[in-house]
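To find a chain, count down the sequence lines: A is the first, B the second, and so on, and within it residues start at 1.
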Amino acid sequence: MCHQSVGLVARHVEAAGIPTLCMTSALDITKSVNPPRAAFLDYPLGHTTGKPNEPELQRRILSEALSAFVSLETPGSVRKLPFRWSEDEGWKEKAFAQGDERTPRVATPQYQCEEDRRLAEGGGSPSCAVCVPPE
Amino acid sequence: MEPVAYIPRIRDNYARLGYPEYKWARNGDAPPWTPLPGPLSRCRLGLAASGGIYVAGQVAFHHKDDISLREIPADAATETLRATHFAYDLSDARTDPNVVFPIDTLRRLVREGFLGSVADRFYSFMGGIYSARRVVEDLAPRLAERFRQDGVDAVLLVPV
(Lines give C-alpha, C1' and ligand atoms only; values in the text may rest on other atoms or scores of the structure.)
Protein backbone atom coordinates (compact mmCIF):
# COMPACT_ATOMS: atom_id res chain seq x y z
CA MET A 1 0.00 0.00 0.00
CA CYS A 2 2.95 2.30 0.62
CA HIS A 3 3.84 2.27 -3.04
CA GLN A 4 0.24 3.00 -3.97
CA SER A 5 -0.05 5.89 -1.49
CA VAL A 6 3.19 7.46 -2.65
CA GLY A 7 2.20 7.17 -6.32
CA LEU A 8 -1.14 8.84 -5.62
CA VAL A 9 0.60 11.67 -3.72
CA ALA A 10 3.02 12.11 -6.64
CA ARG A 11 0.20 12.54 -9.15
CA HIS A 12 -1.46 15.12 -6.90
CA VAL A 13 1.72 17.13 -6.21
CA GLU A 14 2.71 17.05 -9.89
CA ALA A 15 -0.76 18.28 -10.90
CA ALA A 16 -0.27 21.14 -8.41
CA GLY A 17 2.79 22.22 -10.43
CA ILE A 18 5.73 20.61 -8.61
CA PRO A 19 7.70 17.88 -10.43
CA THR A 20 8.01 14.59 -8.54
CA LEU A 21 10.06 11.41 -8.59
CA CYS A 22 8.92 8.21 -6.87
CA MET A 23 11.44 5.68 -5.71
CA THR A 24 10.02 2.15 -6.01
CA SER A 25 10.95 -1.42 -5.15
CA ALA A 26 7.50 -2.77 -6.11
CA LEU A 27 7.38 -2.24 -9.85
CA ASP A 28 3.97 -3.77 -10.54
CA ILE A 29 2.22 -1.65 -7.89
CA THR A 30 3.93 1.52 -9.11
CA LYS A 31 3.02 0.79 -12.73
CA SER A 32 -0.60 0.29 -11.72
CA VAL A 33 -0.78 3.67 -9.95
CA ASN A 34 1.24 5.25 -12.78
CA PRO A 35 3.04 8.22 -11.20
CA PRO A 36 4.71 10.84 -13.44
CA ARG A 37 8.32 9.61 -12.90
CA ALA A 38 9.75 6.66 -11.01
CA ALA A 39 13.13 5.05 -10.33
CA PHE A 40 13.06 1.30 -9.71
CA LEU A 41 15.50 -0.25 -7.24
CA ASP A 42 15.27 -4.06 -7.30
CA TYR A 43 15.78 -4.51 -3.53
CA PRO A 44 13.67 -6.14 -0.80
CA LEU A 45 11.00 -3.87 0.71
CA GLY A 46 12.33 -1.66 3.47
CA HIS A 47 15.45 -0.61 1.49
CA THR A 48 14.03 1.77 -1.09
CA THR A 49 17.08 4.06 -0.92
CA GLY A 50 19.86 1.60 -0.14
CA LYS A 51 21.55 -0.83 2.25
CA PRO A 52 22.27 0.14 5.87
CA ASN A 53 25.59 1.76 6.73
CA GLU A 54 26.72 1.87 3.10
CA PRO A 55 26.81 5.62 2.44
CA GLU A 56 28.75 5.34 -0.83
CA LEU A 57 26.18 2.94 -2.26
CA GLN A 58 23.33 5.09 -0.92
CA ARG A 59 24.87 8.10 -2.64
CA ARG A 60 25.20 6.29 -5.99
CA ILE A 61 21.63 4.99 -5.80
CA LEU A 62 20.14 8.39 -5.02
CA SER A 63 22.20 10.34 -7.55
CA GLU A 64 21.27 7.83 -10.29
CA ALA A 65 17.64 8.05 -9.25
CA LEU A 66 17.52 11.86 -9.10
CA SER A 67 19.05 12.01 -12.57
CA ALA A 68 15.71 10.65 -13.77
CA PHE A 69 14.30 14.14 -13.16
CA VAL A 70 16.36 15.18 -16.18
CA SER A 71 16.51 12.01 -18.29
CA LEU A 72 12.84 10.95 -18.22
CA GLU A 73 10.79 12.90 -20.71
CA THR A 74 7.62 10.82 -21.06
CA PRO A 75 4.92 10.96 -18.36
CA GLY A 76 4.62 7.59 -16.63
CA SER A 77 8.09 6.29 -17.42
CA VAL A 78 10.31 4.35 -15.02
CA ARG A 79 14.11 4.39 -14.82
CA LYS A 80 15.52 1.00 -13.82
CA LEU A 81 18.52 1.51 -11.55
CA PRO A 82 21.61 -0.68 -12.16
CA PHE A 83 21.92 -2.22 -8.68
CA ARG A 84 21.32 -5.75 -7.40
CA TRP A 85 20.72 -6.73 -3.78
CA SER A 86 22.69 -9.98 -4.11
CA GLU A 87 24.09 -12.26 -6.79
CA ASP A 88 21.64 -15.12 -6.32
CA GLU A 89 18.45 -13.09 -5.76
CA GLY A 90 17.08 -15.82 -3.47
CA TRP A 91 15.31 -13.11 -1.46
CA LYS A 92 12.77 -12.80 -4.26
CA GLU A 93 11.36 -16.26 -3.59
CA LYS A 94 10.59 -15.38 0.01
CA ALA A 95 9.39 -11.78 -0.42
CA PHE A 96 5.79 -11.54 0.73
CA ALA A 97 5.18 -15.22 0.00
CA GLN A 98 4.88 -16.54 3.53
CA GLY A 99 1.58 -15.23 4.80
CA ASP A 100 0.75 -12.26 6.98
CA GLU A 101 3.79 -11.01 8.86
CA ARG A 102 2.33 -7.64 9.75
CA THR A 103 1.97 -6.47 13.31
CA PRO A 104 -1.54 -6.03 14.82
CA ARG A 105 -3.34 -2.83 13.82
CA VAL A 106 -3.56 -1.03 17.15
CA ALA A 107 -4.66 2.57 17.69
CA THR A 108 -2.00 3.64 20.18
CA PRO A 109 1.42 5.09 19.25
CA GLN A 110 3.99 2.37 18.59
CA TYR A 111 7.30 3.71 19.86
CA GLN A 112 10.62 2.26 18.83
CA CYS A 113 11.69 2.35 22.47
CA GLU A 114 10.27 3.26 25.88
CA GLU A 115 12.52 6.32 26.16
CA ASP A 116 10.72 7.79 23.13
CA ARG A 117 7.38 7.32 24.85
CA ARG A 118 8.59 9.15 27.95
CA LEU A 119 9.97 12.00 25.83
CA ALA A 120 6.76 12.36 23.80
CA GLU A 121 4.39 12.07 26.74
CA GLY A 122 6.47 14.63 28.60
CA GLY A 123 5.55 17.15 25.91
CA GLY A 124 8.34 16.43 23.47
CA SER A 125 12.01 17.05 23.55
CA PRO A 126 12.93 20.64 24.55
CA SER A 127 15.15 20.80 21.47
CA CYS A 128 12.32 19.78 19.15
CA ALA A 129 10.37 22.89 18.20
CA VAL A 130 8.46 21.41 15.30
CA CYS A 131 6.69 18.37 16.67
CA VAL A 132 3.40 17.89 14.89
CA PRO A 133 0.72 16.35 17.07
CA PRO A 134 -1.24 13.48 15.49
CA GLU A 135 -4.38 14.65 13.77
CA MET B 1 15.58 -12.33 -12.63
CA GLU B 2 12.30 -10.50 -13.00
CA PRO B 3 11.12 -8.04 -10.34
CA VAL B 4 8.92 -9.52 -7.60
CA ALA B 5 5.24 -9.41 -8.61
CA TYR B 6 3.70 -8.11 -5.40
CA ILE B 7 0.10 -7.73 -6.56
CA PRO B 8 -0.47 -11.49 -7.08
CA ARG B 9 1.40 -12.37 -3.87
CA ILE B 10 -0.70 -9.95 -1.83
CA ARG B 11 -3.85 -11.26 -3.52
CA ASP B 12 -2.91 -14.84 -2.57
CA ASN B 13 -2.09 -13.80 1.00
CA TYR B 14 -5.43 -12.03 1.39
CA ALA B 15 -7.29 -15.04 0.00
CA ARG B 16 -5.47 -17.33 2.44
CA LEU B 17 -6.44 -15.05 5.33
CA GLY B 18 -10.03 -14.77 4.18
CA TYR B 19 -9.85 -11.04 3.39
CA PRO B 20 -11.70 -9.62 0.40
CA GLU B 21 -9.53 -8.98 -2.65
CA TYR B 22 -7.84 -5.58 -2.55
CA LYS B 23 -8.71 -3.21 -5.38
CA TRP B 24 -5.47 -1.51 -6.40
CA ALA B 25 -5.54 1.97 -7.84
CA ARG B 26 -5.24 1.63 -11.61
CA ASN B 27 -4.54 4.76 -13.64
CA GLY B 28 -4.44 4.03 -17.33
CA ASP B 29 -4.41 7.68 -18.33
CA ALA B 30 -1.24 9.72 -18.85
CA PRO B 31 -0.10 11.11 -15.47
CA PRO B 32 0.20 14.87 -14.93
CA TRP B 33 3.54 16.37 -15.89
CA THR B 34 5.50 19.41 -14.74
CA PRO B 35 9.03 19.85 -16.11
CA LEU B 36 11.94 20.48 -13.75
CA PRO B 37 12.46 24.28 -13.70
CA GLY B 38 16.26 24.08 -14.02
CA PRO B 39 19.26 21.82 -13.43
CA LEU B 40 19.32 19.74 -10.22
CA SER B 41 22.33 21.74 -9.08
CA ARG B 42 20.06 24.77 -8.77
CA CYS B 43 16.90 23.03 -7.50
CA ARG B 44 15.52 23.03 -3.97
CA LEU B 45 14.31 19.51 -3.21
CA GLY B 46 11.55 18.40 -0.86
CA LEU B 47 11.18 14.89 0.54
CA ALA B 48 8.26 12.83 1.78
CA ALA B 49 8.66 9.21 2.80
CA SER B 50 6.22 6.59 4.00
CA GLY B 51 8.49 4.50 6.21
CA GLY B 52 7.04 5.66 9.54
CA ILE B 53 10.06 7.77 10.55
CA TYR B 54 9.70 10.12 13.54
CA VAL B 55 12.09 12.16 15.67
CA ALA B 56 12.62 11.14 19.30
CA GLY B 57 10.30 13.45 21.24
CA GLN B 58 7.51 13.28 18.66
CA VAL B 59 4.44 11.09 19.08
CA ALA B 60 5.02 7.85 17.17
CA PHE B 61 2.64 6.60 14.48
CA HIS B 62 -0.02 4.16 15.54
CA HIS B 63 -0.69 1.18 13.35
CA LYS B 64 -4.39 1.55 12.61
CA ASP B 65 -5.35 3.85 9.74
CA ASP B 66 -2.86 6.55 10.67
CA ILE B 67 -2.55 9.19 7.95
CA SER B 68 -0.90 11.87 10.08
CA LEU B 69 2.33 13.63 9.08
CA ARG B 70 5.54 14.26 10.99
CA GLU B 71 7.83 17.15 10.13
CA ILE B 72 11.45 16.11 10.19
CA PRO B 73 13.83 19.11 10.31
CA ALA B 74 16.33 18.83 7.44
CA ASP B 75 19.13 19.32 9.97
CA ALA B 76 17.84 16.67 12.40
CA ALA B 77 20.57 14.53 13.97
CA THR B 78 20.37 11.12 12.30
CA GLU B 79 20.70 9.29 15.62
CA THR B 80 17.44 10.89 16.84
CA LEU B 81 15.41 9.35 13.98
CA ARG B 82 13.19 6.36 14.76
CA ALA B 83 11.13 3.98 12.62
CA THR B 84 7.75 2.40 13.32
CA HIS B 85 5.46 0.67 10.80
CA PHE B 86 3.21 -2.37 10.76
CA ALA B 87 4.09 -3.76 7.38
CA TYR B 88 7.82 -4.03 6.78
CA ASP B 89 10.89 -5.41 8.53
CA LEU B 90 12.19 -2.42 10.50
CA SER B 91 15.57 -3.83 11.51
CA ASP B 92 17.64 -2.14 8.79
CA ALA B 93 15.72 1.16 9.01
CA ARG B 94 16.43 1.23 12.75
CA THR B 95 20.10 0.51 12.08
CA ASP B 96 20.37 3.26 9.46
CA PRO B 97 17.26 5.34 8.62
CA ASN B 98 18.85 6.32 5.30
CA VAL B 99 17.59 3.03 3.83
CA VAL B 100 14.06 4.49 3.73
CA PHE B 101 14.63 8.16 4.62
CA PRO B 102 17.75 9.39 2.79
CA ILE B 103 18.48 12.41 5.00
CA ASP B 104 22.28 12.06 5.15
CA THR B 105 22.43 11.15 1.47
CA LEU B 106 20.52 14.29 0.47
CA ARG B 107 22.61 16.53 2.75
CA ARG B 108 25.72 15.07 1.15
CA LEU B 109 24.42 15.64 -2.39
CA VAL B 110 23.85 19.30 -1.45
CA ARG B 111 27.39 19.62 -0.01
CA GLU B 112 28.78 18.12 -3.22
CA GLY B 113 26.79 20.54 -5.39
CA PHE B 114 24.79 17.77 -7.10
CA LEU B 115 21.64 19.37 -5.63
CA GLY B 116 21.10 23.09 -5.12
CA SER B 117 19.49 22.77 -1.69
CA VAL B 118 16.88 20.90 0.29
CA ALA B 119 13.78 22.22 2.04
CA ASP B 120 14.10 23.22 5.70
CA ARG B 121 11.79 20.37 6.66
CA PHE B 122 10.99 16.91 5.31
CA TYR B 123 7.81 14.87 5.81
CA SER B 124 7.16 11.40 7.03
CA PHE B 125 4.00 9.33 7.18
CA MET B 126 3.11 5.67 7.52
CA GLY B 127 2.07 4.56 4.12
CA GLY B 128 0.16 1.35 4.67
CA ILE B 129 -3.07 3.18 3.95
CA TYR B 130 -5.78 0.91 2.59
CA SER B 131 -8.12 3.67 1.47
CA ALA B 132 -6.89 5.25 -1.76
CA ARG B 133 -9.71 7.76 -1.37
CA ARG B 134 -8.29 9.02 1.95
CA VAL B 135 -4.89 9.45 0.31
CA VAL B 136 -6.31 11.41 -2.62
CA GLU B 137 -8.74 13.55 -0.62
CA ASP B 138 -6.74 14.12 2.56
CA LEU B 139 -3.06 13.16 2.67
CA ALA B 140 -2.06 14.25 -0.85
CA PRO B 141 -3.61 17.77 -0.64
CA ARG B 142 -2.01 18.35 2.78
CA LEU B 143 1.41 17.37 1.46
CA ALA B 144 1.00 19.44 -1.72
CA GLU B 145 0.17 22.49 0.41
CA ARG B 146 3.23 21.92 2.61
CA PHE B 147 5.50 21.65 -0.43
CA ARG B 148 4.02 24.85 -1.84
CA GLN B 149 4.68 26.67 1.45
CA ASP B 150 8.22 25.28 1.53
CA GLY B 151 8.95 26.69 -1.92
CA VAL B 152 10.48 23.51 -3.33
CA ASP B 153 11.25 23.06 -7.04
CA ALA B 154 10.89 19.28 -6.99
CA VAL B 155 9.86 16.49 -4.62
CA LEU B 156 11.35 13.06 -3.97
CA LEU B 157 8.88 10.45 -2.67
CA VAL B 158 10.10 7.29 -0.96
CA PRO B 159 7.76 4.37 -0.18
CA VAL B 160 8.71 1.17 1.61
Checklist entry - Can you check whether D92(B) reaches H47(A) side chain to side chain, under 4.5 Å on heavy atoms? => result yes
Item to check | chain A contact via L109(B) - which portion, at a heavy-atom distance below 4.5 Å | outcome: side chain
Item to check | Cluster link L72(A) to I61(A), ILVMFWY, side chain under 4.5 Å | outcome: no
Next on the checklist: Is P141(B) in contact with chain A via its backbone, its side chain, both, or neither, using a 4.5 Å heavy-atom distance?
Outcome noted: both
Checklist entry - Quick one: what part of T108(A) sits under 4.5 Å from any heavy atom of chain B, side chain, backbone, both or neither? => result backbone
Next on the checklist: Return the CG to CD distance between L81(B) and Q112(A), rounded to the nearest 0.5 Å.
Outcome noted: 9.5 Å
Checklist entry - Going by atom types only, do Y22(B) and Q4(A) share a side-chain donor-acceptor pair under 3.5 Å? => result yes
Item to check | Top of S67(A), A107(A), G76(A), C113(A) for chain B proximity - count of heavy-atom pairs under 4.5 angstrom | outcome: A107(A)
Checklist entry - Using non-hydrogen atoms only, which part of V135(B) is less than 4.5 Å away from chain A: side chain, backbone, both, or neither? => result side chain
Checklist entry - Side chain, backbone, both or neither: which part of L90(B) has a heavy atom under 4.5 Å from chain A? => result neither
Checklist entry - Is it the side chain or the backbone of E73(A) that comes within 4.5 Å of chain B heavy atoms, both, or neither? => result backbone
Item to check | Partner chain B: residue of T24(A), D42(A), L27(A), I29(A) with the largest heavy-atom pair count (under 4.5 Å) | outcome: I29(A)
Checklist outcome for this item: For Y6(B) and D28(A), the nearest pair of non-hydrogen atoms, with its separation, is N-OD2, 3.0 Å
Item to check | Selection from T20(A), L8(A), I18(A) maximising heavy-atom pairs under 4.5 Å formed with chain B | outcome: I18(A)
Item to check | K31(A) side, atom NZ; N27(B) side, atom CG - distance, nearest 0.5 Å | outcome: 15.0 Å
Checklist entry - Where the side chain of Q110(A) meets the backbone of T84(B), is there a donor-acceptor pair that is under 3.5 Å apart? => result no
Checklist entry - Given a strict heavy-atom distance threshold of 4.5 Å, which part of N98(B) is in contact with chain A: side chain, backbone, both, or neither? => result both
Checklist entry - What are the two closest heavy atoms between P37(B) and P19(A), and how far apart are they? => result CD-CG, 4.2 Å
Next on the checklist: A side-chain contact here means heavy atoms from C-beta on lying under 4.5 Å apart; do S5(A) and S50(B) qualify?
Outcome noted: no
Next on the checklist: Tell me which of these, D116(A), V33(A), V13(A), has more heavy-atom pairs under 4.5 Å with chain B than the rest.
Outcome noted: D116(A)
Item to check | Side chain to side chain, F114(B) and L66(A), heavy atoms closer than 4.5 Å | outcome: yes
Checklist entry - Using non-hydrogen atoms only, which part of F101(B) is less than 4.5 Å away from chain A: side chain, backbone, both, or neither? => result backbone
Item to check | Contact class of N53(A) relative to chain B, heavy atoms under 4.5 angstrom | outcome: both
Next on the checklist: Counting only non-hydrogen atoms closer than 4.5 Å, does S63(A) touch chain B with its backbone (N, CA, C, O), its side chain (CB onward), both, or neither?
Outcome noted: both
Checklist outcome for this item: Value for CH2 (W33(B)) from CZ (R11(A)), rounded to nearest 0.5 Å, stands at 12.5 Å
Item to check | Minimum heavy-atom distance Y88(B)-G46(A), with the two atoms named | outcome: CD1-CA, 3.6 Å
Next on the checklist: Could you measure the distance from the CZ atom of R108(B) to the CG atom of L62(A)? Nearest 0.5 Å is fine.
Outcome noted: 11.0 Å
Next on the checklist: If you count heavy-atom pairs within less than 4.5 Å of chain B, which of A65(A), A15(A), A16(A) leads?
Outcome noted: A15(A)
Checklist entry - Can you tell me if Q58(A) and D96(B) form a side-chain donor-acceptor pair at under 3.5 Å? => result yes
Item to check | Residue T30(A) versus chain B: region with a heavy atom under 4.5 Å | outcome: neither
Checklist entry - Got more than 12 heavy atoms from elsewhere within 6.0 Å of CZ, R42(B)? => result no
Next on the checklist: Between R82(B) and E115(A), does the salt bridge (Lys or Arg N to Asp or Glu O under 4.0 Å) criterion hold? Intermediate values first, please.
Outcome noted: CA-CA 11 Å; R82(B) 306 285 187 261; E115(A) 174 65 14; over 6 Å; no
Checklist entry - Under 3.5 Å, is there a donor-acceptor pair between the side chain of K92(A) and the main chain of E2(B)? => result yes
Checklist entry - Charged N to carboxylate O under 4.0 angstrom, R59(A) versus E112(B)? => result yes
Checklist entry - Among A38(A), S32(A), A10(A), who wins on heavy-atom pairs under 4.5 Å with chain B? => result S32(A)
Item to check | Residue D12(B) versus chain A: region with a heavy atom under 4.5 Å | outcome: neither
Checklist entry - Given that the side chain runs from C-beta out, which part of P35(A) has a heavy atom under 4.5 Å from chain B: side chain, backbone, both or neither? => result backbone
Item to check | Partner of P159(B) by side chain to side chain contact (heavy atoms under 4.5 Å, CB included), out of L45(A), T48(A), V9(A) | outcome: T48(A)
Next on the checklist: Using side-chain heavy atoms (C-beta onward) and a distance below 4.5 Å, is P109(A) in contact with F61(B)?
Outcome noted: no
